[in-house]
Amino acid sequence: MCIFCKIARGEERAYVIYEGEKVVAFLDINPLSKGHTLIVPKDHYENYIEIPLDVSMEIHDAIKRVCEKLKIFNPAGFNIVANVGRKAGQVIMHAHVHVIPRYDREESRPIEFGKSIEVDLDEVYRELTC
Ligand code: AMP
Ligand code: ZN
């Protein structure tokens with residue numbers, strides 16, 4: 001079973017910040033910015049375009065809820081990104097959407113995958129869930 005299936009079933013630890021009937025959202029372990037969150041369907045689909053419409057509607061709802069939560073960090077914007085296929089940078093072959101808050105202190109440029117930041121995830125999680 002893949003790592004995101006295990007997280008969705010509660011069999012692998014993750015900083016879960018939102019859960020719906022068919023989706024779960026948790027902090028990315030290699031965040032590109034403070035609050036970087038992944039939203040994944042609980043069922044296994046290989047990539048974003050494989051997700052059935054009813055599930056993707058819940059994912060869209062979760063994206064909006066997660067963005068609302070992340071507003072406590074005062075972001076200036078968000079990147080909402082799905083990497084589909086290895087050539088496009090997809091590493092985990094379980095569909096997911098990245099929600100990446102962007103901040104005034106950063107340069108205005110497209111997000112670059114692979115450039116993670118140092119951040120205390122325990123602290124980020126505490127701030128988002130208390
Ligand atoms: P992608 O390149 O779109 O497949 O992104 C996969 C993301 O999953 C990367 O940003 C990883 O840092 C993240 N990731 C991998 N394993 C875990 C995990 N166990 N918990 C949280 N995030 C993870
Ligand atoms: Zn899976």
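Computed from a predicted model, the values in this text were never measured in an experiment. Order of listing sets the numbers, starting from 1, for every ligand and every atom in it.
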From the options Leu121, Val119, Leu70, select the one residue that forms a side-chain contact (heavy atoms from CB on, under 4.5 Å) with Lys34. Val119
Looking at Lys42 and Gly20, would you say the former's side chain and the latter's main chain have a donor-acceptor pair under 3.5 Å? yes
Take the angle between the ring planes of Phe4 and His96 and call it parallel below 30°, perpendicular above 60°, tilted in between. perpendicular
Keeping the roles fixed (side chain from Arg102, backbone from Arg109), state whether a donor-acceptor pair exists under 3.5 Å. yes
Following the transitive rule for hydrophobic clusters with a side-chain heavy-atom cut-off under 4.5 Å over Ile, Leu, Val, Met, Phe, Trp and Tyr, establish whether Phe26 and Met1 coincide in one cluster. no
With Asp120, which residues qualify under side-chain contact (heavy atoms from CB on, under 4.5 Å), at least two apart? Asp122, Glu123
Could Glu68 and Lys64 be called an ion pair, given the rule that one side-chain N must be under 4.0 Å from one carboxylate O? no
Amino acids in close contact with ligand 1, where any non-hydrogen atom sits under 4.0 angstrom away: Ile3, Phe4, Ile7, Phe26, Leu27, Asp28, Ile29, Asn30, Leu38, Asn83, Gly89, Gln90, Val91, Ile92, His96, His98
Salt bridge (Lys or Arg N to Asp or Glu O under 4.0 Å) against Glu50, all qualifying residues, sequence neighbours excluded: none
Closer than 2.8 Å to the Zn ion (ligand 2) - protein N, O or S atoms, ordered by chain and residue number: Cys2 SG, Cys5 SG, His44 ND1, His94 ND1
Under a 4.5 Å side-chain heavy-atom rule over Ile, Leu, Val, Met, Phe, Trp and Tyr, are Phe78 and Val66 clustered together? yes
